[in-house]
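Here's the structure, in structure tokens; my notes come after.
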Amino acid sequence: MSYRIAKGVFDILPKDAEDWRQSHLWQYLESQVRMICDVYGYREVRTPLFESTDLFTRSIGTDTDIVSKEMYTFQDKGNRSLTLRPEGTAPVMRAFIEKNLDQKGPIHKLFYLNPMFRYERQQAGRYRQHHQFGVEAIGSGSPYQDVEVIQLLWKFYERLGLKNLVLHINSIGDVEARKHFREALKSYLRPYLNDLSPESQDRFETNPLRILDSKNEGDRKLLTDAPSIHDSLSPESKEHFEHVCALLKEEGIPFNFNLHLVRGLDYYNNTVFEITSDELGAQNSLGGGGRYDGLIKQLGGPDLPAFGFGAGIERIIQVMLAQKVPLPAFPSPLLFIIPLGEEAQKRCFQITSELRAHNLSVEMDFSGKKLKNAMRYADSIAARYVAVIGENELASEKIEIKEMVSGNVKSLPLNRLVDELQKNA
Ligand code: HAM
């Protein structure tokens, strides 16, 4: 019997897959995430893989695709309905409220690097387990907070060397504005209802705003003269949005004011944004988020404003590879030791342990293969130096290390090996 991986998910392996699923690329990206979060003062939060189902239905919204079609929901043995986390915001807010973090300071800036689970239709760029780098800034309603978070993501992509990205930004106002706009949009679309795509027809009653970001060409044409949500915005929402746009300009972050950007989760208000790349085809969103001032209160916590984003790690690595940005090389050992004979094997194992205790990356051959094959293996793992150690070397306490790329050989006393490797590490 052979087992195969489940549909829509993937393994992350060293080297094995010559693409975005190589573990050293993930480690690199994760280290970059930690670095930028440190610079911006965001601290890590880790929440469980599953939560009560109603946490997600309440926060994301019952009429969204995520809740209506994509959640991995199950009963546990105590008959509780639990759901594998489809997104990161609701769990972080649950933890924030449960632990009364609001009493521990006025502003909380949190980040996470987590797997998320959505039962998606299989297609390029859409996975049933994907990973997000997300940040959530709780406690400030200032436009500066919006721009700090947007800038963090924009600079993150810049640091990675990504090019040709587009920042889309919009304001969807407050609850009142959206109620008003929903009706205006429905009145506009009603005469064309039969011409809309089946998906948009479904959304007409349940979630008409989502029709705005339909990818269907026919829908897009019909939407050309649709009313604008900006006609429904309150003066406060307008002012907030204008301030955000002005700050982005001052910071030199180019943006595309996209009236059709509404986002697929219900908790947003005012500023929403998304960063896209042409490199990705239909699933072109590299990350997105916005303001969600009512969510914490809605979940039973204090009335605090918040702003955040989630960014898909798979898609980021895919764009990095497509754009050939500088990437870290596959990790390789500094030294590969080949013992000749049983006595040498014993001593070489001790030497290897000693070198590793100095944090030097050293491997040794246990297989006893022929010298030529052992050298070939050292080459295949891109070892920088190789030392062949037999009885003579052990008796004289003198060894030779060969630099594989240049072929240069250096002779040195065994007790100088740590220094020599540290000098060249
Ligand atoms: P979202 O737009 O649903 O937002 O997801 C954020 C990002 O995760 C997307 O832009 C995309 O890069 C990636 N992503 C989503 N679904 C998949 C998938 N099936 N396969 C691969 N990548 C995917 C949220 O989840 C919000 N919680 C973001 C947020 C945080 N808003 C405020 N704070």
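Each ligand, and each atom within it, is numbered from 1 in the order the structure gives. The model shown is predicted, which means the values in this text are computed figures rather than measured ones. Residue numbers run from 1 in the order of the sequence given.
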The closest protein heavy-atom partner of atom 33 (N) of ligand 1 is E136 OE1, 2.8 Å

- prompt: Would you say ligand 1 has an N or O under 3.5 Å from any N or O of I66?
  reply: no

message: If you count every heavy atom of other residues, nucleotides or ligands that lies below 6.0 Å from H180 atom NE2, does the total exceed 12?
response: no

Atom 30 (C) of ligand 1: closest protein heavy atom, distance to 0.1 Å, is T89 OG1, 3.0 Å

protein heavy-atom neighbour closest to atom 27 (N) of ligand 1 works out as E87 OE1, 2.6 Å

Checking heavy atoms under 4.0 Å, the part of F133 that sits near ligand 1 is neither

Test salt bridge (charged side-chain N to carboxylate O under 4.0 Å, His left out), reference D65, set R263, R118, R203, output is R203

Review point. When the ring planes of Y127 and W20 are compared, do they come out parallel, tilted or perpendicular, using 30° and 60° as the limits?
Key: tilted

So the atoms of ligand 1 within less than 4.0 Å of a heavy atom of Y268 turn out to be 26 (C), 28 (C), 29 (C), 31 (N), 32 (C)

Tell me whether G288 reaches ligand 1 (any heavy atom closer than 4.0 angstrom to a ligand atom). yes

When Y112, Y157, F156 are each screened for ring-ring contact (aromatic ring centres under 6.0 Å, His included) with F133, the one that passes is F156

Within 4.0 Å of some non-hydrogen atom of G287, the atoms of ligand 1 are 10 (O), 12 (O)

Within 4.0 Å of some non-hydrogen atom of E120, the atoms of ligand 1 are 16 (N), 18 (C), 19 (N)

Under 4.0 Å from one or more heavy atoms of G289, ligand 1 contributes atoms 31 (N)

Notebook entry, point to check: When you look at D293 and N269, which way does the side-chain hydrogen bond (donor to acceptor under 3.5 Å, both in side chains) test go after all the steps?
Noted result: CA-CA 7 Å; D293 293 342; N269 70 305; 3.3 Å; yes

| task | May I ask whether G125 places a heavy atom under 4.0 Å from ligand 1? | result | yes

Between H240 and S171, is any side-chain donor less than 3.5 angstrom from a side-chain acceptor?
no

Exceeds 12 heavy-atom contacts within 6.0 angstrom, atom OH of Y119 | no

In this structure, atom 20 (N) of ligand 1 is nearest to the protein heavy atom Y127 N, 3.0 Å

Residue, atom and distance of the protein heavy atom nearest atom 1 (P) of ligand 1 read R263 NH2, 3.5 Å

If you scan protein heavy atoms around atom 10 (O) of ligand 1, the nearest is S285 OG, 2.8 Å

Worksheet item: Under the 6.0 Å and 45° cation-pi test, does K369 pair with Y377?
Response: yes

**Message:** Quick check against the 3.5 Å criterion: does E314 have a side-chain atom that pairs as donor or acceptor with the backbone of H131?
**Reply:** yes

Of all protein heavy atoms, the one nearest atom 15 (C) of ligand 1 is H130 NE2, 3.4 Å

So for F307 against ligand 1, with non-hydrogen atoms under 4.0 Å, the contacting part is neither

Applying salt bridge (charged side-chain N to carboxylate O under 4.0 Å, His left out), run through R315 and E279 and close with a yes or a no. CA-CA 10 Å; R315 296 184 189 175; E279 227 82 55; over 6 Å; no

Check: of R126, R85, R118, min heavy-atom distance to atom 3 (O) of ligand 1 comes from R118

Here the atoms of ligand 1 under 4.0 Å from any heavy atom belonging to G310 are 6 (C), 7 (C), 28 (C), 29 (C), 30 (C)

* Considering residues, nucleotides and ligands other than F255, do more than 12 of their heavy atoms fall under 6.0 Å from its CZ? -> yes

Checklist entry - If only atom types and distance count, is the side chain of Q22 paired as donor or acceptor with the main-chain N or O of D19 below 3.5 Å? => result yes

re atom 8 (O) of ligand 1, the protein heavy-atom contact at minimum distance is Q132 NE2, 3.3 Å

